[in-house]
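For reference, the structure is listed below as structure tokens.
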Number of protein chains: 4
Amino acid sequence: MSSSNASRRNEASRRAILTAAFELVQEVGYAKLSIESIAARAGVGKQTIYRWWPSKGAVLFDAFLLMLGEQADTGEPALPDTGDLEADLKTVLRATIEELNDPRYDEPMRALNTEIVHDPALAALYSERLDGPMREMKKRRLRSAQRAGQLAEDLDLDVAVEMVWGPLLNRWLQRSGALTPEYADSLVETALSGLRPRH
Amino acid sequence: MSSSNASRRNEASRRAILTAAFELVQEVGYAKLSIESIAARAGVGKQTIYRWWPSKGAVLFDAFLLMLGEQADTGEPALPDTGDLEADLKTVLRATIEELNDPRYDEPMRALNTEIVHDPALAALYSERLDGPMREMKKRRLRSAQRAGQLAEDLDLDVAVEMVWGPLLNRWLQRSGALTPEYADSLVETALSGLRPRH
Amino acid sequence: MSSSNASRRNEASRRAILTAAFELVQEVGYAKLSIESIAARAGVGKQTIYRWWPSKGAVLFDAFLLMLGEQADTGEPALPDTGDLEADLKTVLRATIEELNDPRYDEPMRALNTEIVHDPALAALYSERLDGPMREMKKRRLRSAQRAGQLAEDLDLDVAVEMVWGPLLNRWLQRSGALTPEYADSLVETALSGLRPRH
Amino acid sequence: MSSSNASRRNEASRRAILTAAFELVQEVGYAKLSIESIAARAGVGKQTIYRWWPSKGAVLFDAFLLMLGEQADTGEPALPDTGDLEADLKTVLRATIEELNDPRYDEPMRALNTEIVHDPALAALYSERLDGPMREMKKRRLRSAQRAGQLAEDLDLDVAVEMVWGPLLNRWLQRSGALTPEYADSLVETALSGLRPRH
DNA sequence: CTGTAATCGAGACGGTACGTCGAGTCTTGGG
DNA sequence: CCCAAGACTCGACGTACCGTCTCGATTACAG
């Protein structure tokens, strides 16, 4: 059922390439990341990269998948659910902010986002393998709250997810403001209550 | 007050360069845009570009300013204010969506966003010259509504702006969903009312 | 005396490789001839070539032997001997010229000569298997004439052979002049009579 | 009349490239000579080589011209003329043999000959710039002898030149025999007297 | 008649070099 | 001093082959 892999691809090389790519994008930044340097760092011929990936962005994407351990794929990842939606969302957003502020992830994630912006094929892949599962996870938490009567019954969960996480991502990408825990709180509170006055 | 500008810079060359840059980024995309091709198209020596701009992104940014006619700078641009905030916002978001779907602006704007993501200096410039004025304009409209009691008194207007426009920009950049007028409406309604049920 | 050939080598592959090599060198020229293209054309794994030949030149050399049907080996090839040395030599040189002018043999023979120039091992092989037998054949004809008193008694036959055929080969390799039947005649006459005036 | 050179070519780079090429072909041989290594040794970008020369062979050819100091071009080079043709030719051939046996010139000259064999354009250049002038020089000496009645009146001097020098070049290229002073003598004597018995 | 070991087609691998593109710098000559 | 033009060094591109190395799948010999 599994032992015979049709491909004669060298798994060790694959991992070396992805690891090298991830390290290098941290060290030199996305603009200066070259296939040549990835190959050199990985101890691999350039052809081995060109053979299996169509673009630099695709390598980076796979590197991401490897680093994330493909968590999104295994089982059903879930957001915390204490019953208190507001608190849970704040917890999650604060954690996200911490990750975005982590220099180890900053450059690689910016690089990935850049590639997605310009490469529709990669965007589709991203949507399918990374963003999709994450979005599902977020929607599951919101649906749970919805069932508990904490969210509007007619709420479009996709819009809801984007309204909570979108501003955060934007601020980070455009550096249009500081990413602080307070910002996370404010975002959650405002999204839940809406801009209009209550009562 | 003397007529002599300190700089002996050739205005014709400047415009030719910016025009060529804007045209080329539409035609070949951002990744394949080269300083050499800009110089060739503009009928200009490469040195003339390097003399006046520090980076490809800076050229692109100035090209944008030129194309936008520096609207943001002239006078006090304003969002429509009919008194009906929800309707006004929907109008504006629908217009924005139309612009983002316009192939003439799609590639150049993606290019600009990409540069901003990786170049903090450019991000600051963007924030000051383009995003800042736009944000002020949006906040003015919201403040007007706030005074009219249509928005919560303690609302953080920056967060509010990001919550309305951020998801839109994100969907566009990541191609994570279609940009339709209905999406604009849904976004405005959800943001104004909040995720929680009313009553 | 046993029927078993020590080698389990595949004769069909061997012939396919040599034929492919000979064809390809005609088609693409020596510089662009690659082991990979030979293997592909022959429908053979690269390893099969590397297993049996030490170098591209060696393959080419064997290809030559195959094409020539190993004539030089079988029996005692001989130059025409009508008793008229001058006429016989002219006949032979004219035939040689025709062969050298034949596009089917031009490129392959140039290729072989090139390899010989740079590879002493191949040069030795060439000398033993191709040039040697040919030279013997030529010397036999000259010796016959010498016995008939038509050539100087103390003549060094090796020098004689080189003086008749050398200039021809040189002109062909360096393209330093046209290879015409008249040239053949002139060469033979001059060599036989010498540069000095007779009487 | 001369100061303004139309080309803005860098003479220092040109010399560095040719010198590097000549050195490298001695050191690593023709087969392993790469444009890349020439550029590296010369401290020059590869593009500068590709900009000015169409092929590796053309570089090598120019390197030869530079090394030979373009002697052939300056003035009227001449072979020794003591009145004794046989002695003079022996002197010259012996000197040639010594040169061909000099390891400093062996590889480069083989390389040049190889290129000529495969590249008609280069062959023409060779004929015009190197072989032609040399051949003229040789013919001048023979013509002088001819006037003195030492050579046949109807002798084709081109054929004569090829008959004396051709065998030598061939033996060297094909390694079909040792290049000794005795061989030079034998060659000259046989060519002058012819293969036929005198009287 | 059946292992078993060499040979085969296939093609991935780590490399080297190719010939091209563009970056950013520098030089020349003209206005 | 600025400009158009374009040569320069340098680094990377993506491709072609090198010679080596597995991988099954024949295939011909030996037991």
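The structure displayed is predicted, hence computed values, not measured ones. Numbers restart at 1 for each chain; the letters A, B, ... are given by sequence-line order, proteins then strands. Note that these values count all heavy atoms, side chains included, but never hydrogens, waters or copies made by symmetry.
- Residue-to-nucleotide proximity on DNA chain F shows that, of Lys56(C) and Tyr50(A), the 5′-proximal contact is made by Tyr50(A).
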Expected list for residues 20-27 of chain D: side-chain donor-acceptor pairs under 3.5 angstrom, two or more places apart:
from: Glu23(D); atom 1: OE1; to: Arg41(D); atom 2: NH1; distance (Å): 2.7
from: Glu27(D); atom 1: OE1; to: Arg41(D); atom 2: NH2; distance (Å): 2.8
from: Glu27(D); atom 1: OE2; to: Arg41(D); atom 2: NH1; distance (Å): 3.3
from: Glu27(D); atom 1: OE2; to: Arg41(D); atom 2: NH2; distance (Å): 3.4

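- By the side chain to side chain contact (heavy atoms under 4.5 Å, CB included) test, Glu128(B) pairs with Leu125(B), sequence neighbours left out.
- Here the nucleotide nearest the side chain of Trp52(A), chosen from dC8(F), dC13(E), dC13(F), is dC13(E).
- Remark: Glu11(C) engages Arg14(C) in a salt bridge, criterion side-chain N to carboxylate O under 4.0 Å.
- Between Arg9(C) and Pro54(B), it is Arg9(C) whose nearest contact on DNA chain E lies nearer the 5' terminus.
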Under 3.5 Å, N/O pairs linking protein and nucleotides 3-6 of chain E:
from: dA6(E); atom 1: O4'; to: Arg8(C); atom 2: NH1; distance (Å): 3.3

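- Among the atoms of the strands shown, base atoms are found under 4.0 Å from some heavy atom of Arg51(A).
- Residue Arg104(A) qualifies as open at atom CZ: its count of foreign heavy atoms under 6.0 Å is 12 or below.
- The stretch residues 34-48 of chain A touches DNA chain F through Ser34(A), Ile35(A), Glu36(A), Lys46(A), Gln47(A), each having a heavy atom under 4.0 angstrom from the strand.
- The side chain to side chain donor-acceptor pair (under 3.5 Å) pairs that include a residue from residues 50-61 of chain B are Trp53(B)-Asp62(B), where partners are two or more places apart or lie in different chains.
- Across its full length, the helix from dC1(E)-dG31(F) to dG31(E)-dC1(F) shows an angle of 10° between the axes of its 5 terminal pairs at either end, rounded to 10 degrees.
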